[in-house]
Every structure is written in structure tokens, then in C-alpha cells.
Amino acid sequence: MYRSVTLRVLRSGMLDELRRDAGRVAELLREMRIEFRGDRVFLDGEDVSDAIRENGVSREVSFVSSLKPVRDRLLELQQSMGATRGVVMDGRDIGTVVFPDAELKIFLVADPRERAKRRYAELDAKGGSSIPTVEELEEEIRQRDRDDEQRTLAPLKRHPEAVVVDTSLLTIDEQVSRVYGLAKEVLEG
């Protein structure tokens with residue numbers, strides 16, 4: 001959701017303006033619709049699942065997500081999504097701010113170098129001429145983590161009840177299996 005807002009901000013050309021006056025983002029938030037259909041993300045009816053993973057969005061999402069109007073609006077939307085039924089959500093404040101009373105909170109971690117390699121492989125598979133190096137991606141990841149950990153509103157931190165799963169050395173199938181096992185334990189609990 002934060003990536004969708006960031007994409008909208010970038011497309012609107014308002015990024016520099018928001019650095020001076022964060023309140024201006026309220027206009028965009030009033031007009032935009034974010035929907036999920038299966039594993040696809042739609043912004044105002046457009047499938048933006050790939051666009052929100054682009055590196056330009058990754059570079060700016062920490063800033064945009066630190067804006068109070070953005071945090072307030074998306075908190076409201078996220079909580080309304082989970083109000084009537086169970087949901088699976090990921091995000092840097094889901095377990096601490098959005099759903100601190102969730103039955104299962106998982107805090108996924110991975111070595112920044114491994115995250116950079118994964119991100120590089122993802123970008124490389126999409127093609128393109130200006131893919132950052134693994135080293136550049138690693139620095140961007142480290143900086144984003146620092147920014148998110150130090151922001152005033154809803155900083156990145158682990159909920160004390162969250163189960164830490166280090167995915168650094170796990171395949172995607174092993175990650176899914178681990179999370180599935182944790183969910184099964186809670187459901188059978």
C-alpha cells in the first residue's frame with residue numbers, strides 16, 4: 001500500500017513539494033483507490049504490481065511512508081481490511097501498529113547482502129538498462145532500514161511477541177513452509 005502511494009506521488013510530480021509541505025499529500029490520498037485481487041495490486045483500477053517494485057519507488061517509499069497523512073490514511077484502510085475477517089499482511093509496522101493483537105506476528109529478517117542479491121535478481125529478470133549493482137542495492141536497503149527504524153511515526157521494530165524468521169539461508173519454499181507451520185500451530189493451538 002505504501003509503495004502504491006509512493007508510485008502515485010512520483011507520477012504526480014509532487015515529491016519535492018511534499019518534502020516542503022507534507023500536508024499536500026492529502027489531496028492524492030482522497031482521490032486514490034488501492035485494491036488487491038489475488039496477488040495483484042491495483043491503483044485506481046490499474047494493475048501496478050510490477051511498477052511498485054521498481055527501484056525508484058523503493059528509494060522513496062521510506063520518505064513517503066513517514067508522512068503522517070499517509071500513515072493515518074493507510075492505517076485506517078489496513079484496519080478496515082482486517083475488521084471483518086482474517087487477513088495476512090506484511091509491512092514494517094503491521095505487528096506493532098496496525099494489528100498489535102494479531103494471533104500470529106512473524107518478523108522476517110535477512111542479511112542485507114542477501115536481500116540485495118534477491119532484489120538484483122528480481123530487477124535483472126525484468127530487464128532494463130539501468131539496474132543498480134548489488135552493492136548499490138545493499139546500501140539502499142541499509143539506508144531504508146535506518147530511515148524506517150528512526151522515523152518518529154510507527155518506526156520499524158519487532159513486536160515482543162513476534163516470531164523471528166531469518167530467511168537469509170532459506171529458499172522461498174523453505175520460507176513458505178516455516179510460515180505455514182507457524183500459522184498451523186496457531187490455528188490448531
Side-chain angles (χ1 to χ4, degrees), residues 1-26 28-29 32 34 41 43 48-75 77-78 89-98 100 105-160 162-170 172 175:
M1 295 177 89
Y2 289 102
R3 285 176 172 276
S4 295
V5 174
T6 302
L7 179 63
R8 181 70 180 276
V9 165
L10 291 172
R11 287 180 173 177
S12 74
M14 290 181 68
L15 184 64
D16 289 334
E17 189 176 337
L18 292 181
R19 292 190 194 285
R20 293 185 300 276
D21 180 7
R24 298 268 302 146
V25 76
L28 290 177
L29 294 171
M32 67 186 301
I34 301 170
V41 181
L43 175 61
V48 294
S49 305
D50 295 327
I52 62 173
R53 301 295 303 159
E54 291 174 0
N55 216 45
V57 172
S58 294
R59 276 193 298 270
E60 300 300 340
V61 70
S62 285
F63 166 70
V64 173
S65 67
S66 72
L67 303 175
K68 185 169 178 16
V70 173
R71 296 214 75 80
D72 290 348
R73 178 67 179 129
L74 292 189
L75 175 64
L77 290 174
Q78 291 164 338
M89 284 192 184
D90 77 302
R92 292 182 162 222
D93 69 346
I94 297 298
T96 54
V97 176
V98 181
K105 293 174 274 302
I106 300 171
F107 194 77
L108 295 176
V109 298
D111 176 75
R113 182 68 171 193
E114 181 59 32
R115 290 165 55 200
K117 288 178 187 176
R118 292 172 184 170
R119 183 78 175 122
Y120 181 85
E122 179 185 7
L123 293 171
D124 189 45
K126 291 179 184 174
S129 58
S130 60
I131 300 172
T133 65
V134 172
E135 291 76 18
E136 290 169 331
L137 289 169
E138 182 179 1
E139 181 49 38
E140 287 177 12
I141 286 167
R142 288 181 187 279
Q143 185 61 53
R144 180 174 174 219
D145 288 350
R146 280 190 298 271
D147 291 347
D148 288 352
E149 289 167 351
Q150 295 171 3
R151 71 176 172 236
T152 304
L153 295 171
L156 167 62
K157 62 182 179 180
R158 182 181 69 83
H159 189 286
V163 178
V164 177
V165 176
D166 188 336
T167 68
S168 299
L169 302 175
L170 300 178
I172 190 70
Q175 294 173 42

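Worth knowing before you read on, the calculation uses all heavy atoms, side chains too, and leaves out hydrogens, waters and symmetry mates. One is the number of the first residue; the rest follow in order along the sequence. This structure is a prediction, so every number in the text was calculated from the model and none was measured.
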A.B. asks: Are the charged groups of E122 and R118 less than 4.0 angstrom apart, N to O?
C.D. replies: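 So E122 does not pair with R118 through a salt bridge.
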A.B. asks: Go through R71 and L75 one step at a time and tell me if the side-chain contact (heavy atoms from CB on, under 4.5 Å) criterion holds.
C.D. replies: CA-CA 6 Å; R71 296 214 75 80; L75 175 64; 6.0 Å; no
A.B. asks: Please test V98 against D93 for side-chain contact (heavy atoms from CB on, under 4.5 Å), starting from the C-alpha separation and ending with a verdict.
C.D. replies: CA-CA 6 Å; V98 181; D93 69 346; 3.8 Å; yes
A.B. asks: May I ask you to say whether K68 pairs ionically with D72, meaning some side-chain N is under 4.0 Å from a carboxylate O?
C.D. replies: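 Looking at D72 together with K68, the answer is yes, because their closest N to O distance falls below 4.0 Å.
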A.B. asks: Can you tell me how far CD of Q78 sits from CZ of R73, rounded to the nearest 0.5 angstrom?
C.D. replies: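 Nearest 0.5 Å value for the CZ-CD distance: 11.0 Å.
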A.B. asks: Would you call P155 and D148 a side-chain contact if the rule is heavy atoms closer than 4.5 Å?
C.D. replies: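 No, too far: nothing below the 4.5 Å cut-off.
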A.B. asks: Taking it one step at a time, do D145 and R142 satisfy salt bridge (charged side-chain N to carboxylate O under 4.0 Å, His left out)?
C.D. replies: CA-CA 5 Å; D145 288 350; R142 288 181 187 279; over 6 Å; no
A.B. asks: Tell me the closest heavy-atom pair linking L7 and A51, and the distance in Å.
C.D. replies: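 For L7 and A51, the tightest heavy-atom pair comes out as CD2-CB, 3.8 Å.
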A.B. asks: If you define the side chain from C-beta out and look only at heavy atoms, does anything of S66 sit under 4.5 Å from D147?
C.D. replies: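 A side-chain contact is absent here, since even the closest heavy-atom pair is not under 4.5 Å.
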A.B. asks: Any chance you could lay out the side-chain contact (heavy atoms from CB on, under 4.5 Å) test for V5 and L28, step after step, and finish with the verdict?
C.D. replies: CA-CA 8 Å; V5 174; L28 290 177; over 6 Å; no
A.B. asks: Tell me the closest heavy-atom pair linking G95 and K105, and the distance in Å.
C.D. replies: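 Heavy atoms only, the tightest pair is O-CD, 3.4 Å.
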A.B. asks: If you draw a 6.0 Å radius around CG in D90, do more than 12 non-hydrogen atoms from other residues or ligands fall strictly inside?
C.D. replies: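 Incorrect, the count does not exceed 12.
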A.B. asks: Please report the shortest heavy-atom distance between P112 and I141, naming the atom on each side.
C.D. replies: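 Shortest heavy-atom separation between P112 and I141 comes out as O-CD1, 4.2 Å.
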A.B. asks: Quick check for you: to the nearest 0.5 Å, what is the distance between R59 atom CZ and E140 atom CD?
C.D. replies: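 Output value for this atom pair is 5.5 Å.
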A.B. asks: Mind running salt bridge (charged side-chain N to carboxylate O under 4.0 Å, His left out) on R144 and E60 for me, showing each step along the way?
C.D. replies: CA-CA 9 Å; R144 180 174 174 219; E60 300 300 340; over 6 Å; no
A.B. asks: Using every non-hydrogen atom in the two residues, find where A22 and L67 come nearest and quote the distance to one decimal.
C.D. replies: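 Looks like CB-CD2, 3.5 Å.
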A.B. asks: May I ask you to decide if I34's main-chain N or O and S4's side chain share a donor-acceptor pair within less than 3.5 Å?
C.D. replies: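 Not confirmed, S4 side chain does not pair with I34 backbone.
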A.B. asks: Would you check if the side chain of R92 reaches a backbone N or O of L156 as a donor-acceptor pair within less than 3.5 Å?
C.D. replies: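 No, because the side chain of R92 does not come within donor-acceptor range (under 3.5 Å) of the backbone of L156.
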A.B. asks: Can you confirm whether the side chains of R115 and T167 place a donor and an acceptor under 3.5 Å from each other?
C.D. replies: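 Note: R115 and T167 side chains miss the donor-acceptor criterion.
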A.B. asks: Would you check, one step at a time, whether the test side-chain hydrogen bond (donor to acceptor under 3.5 Å, both in side chains) holds for S62 with R151?
C.D. replies: CA-CA 9 Å; S62 285; R151 71 176 172 236; 5.5 Å; no
A.B. asks: Got R53 and K126 here, is their nearest side-chain heavy-atom distance under 4.5 Å?
C.D. replies: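 Heavy-atom side-chain distance check passes, below 4.5 Å.
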A.B. asks: Please tell me if the side chains of V48 and R11 come closer than 4.5 Å, counting only heavy atoms from C-beta onward.
C.D. replies: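 With C-beta onward as the side chain, the pair touches.
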A.B. asks: With rounding to the nearest 0.5 Å, note down the distance linking CD1 in I131 to CG in D124.
C.D. replies: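 Answer rounded to 0.5 Å: 4.5 Å.
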A.B. asks: Counting C-beta onward and ignoring hydrogens, is there a side-chain heavy-atom pair between R113 and E135 closer than 4.5 Å?
C.D. replies: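 Of all side-chain heavy-atom pairs linking E135 with R113, at least one is under 4.5 Å.
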A.B. asks: Looking at S65 and Y2, would you say the former's side chain and the latter's main chain have a donor-acceptor pair under 3.5 Å?
C.D. replies: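 Here the side-chain-to-backbone pair does not exist.
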A.B. asks: Look at atom NZ of K157 and say whether more than 12 heavy atoms of other residues, nucleotides or ligands are closer to it than 6.0 Å.
C.D. replies: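 At most 12 heavy atoms, drawn from other residues, nucleotides or ligands, come within 6.0 Å of this atom.
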A.B. asks: Which pair of heavy atoms, one from A110 and one from S168, lies closest together, and at what distance?
C.D. replies: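 Closest approach of A110 to S168, heavy atoms only: CA-OG, 3.2 Å.
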A.B. asks: L123 and P132: which non-hydrogen atoms are nearest, and at how many Å?
C.D. replies: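 Here L123 and P132 meet closest at CD1-CD, 4.1 Å.
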A.B. asks: Quick one: does any side-chain atom of R8 pair with a main-chain N or O of S12 as donor and acceptor, under 3.5 Å?
C.D. replies: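 Between the backbone of S12 and the side chain of R8 there is no qualifying donor-acceptor contact (under 3.5 Å).
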A.B. asks: Go through V9 and T6 one step at a time and tell me if the side-chain contact (heavy atoms from CB on, under 4.5 Å) criterion holds.
C.D. replies: CA-CA 5 Å; V9 165; T6 302; 5.6 Å; no
A.B. asks: Does V41 offer a backbone N or O that forms a donor-acceptor pair with the side chain of S49 under 3.5 Å?
C.D. replies: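 Between the backbone of V41 and the side chain of S49 there is a qualifying donor-acceptor contact (under 3.5 Å).
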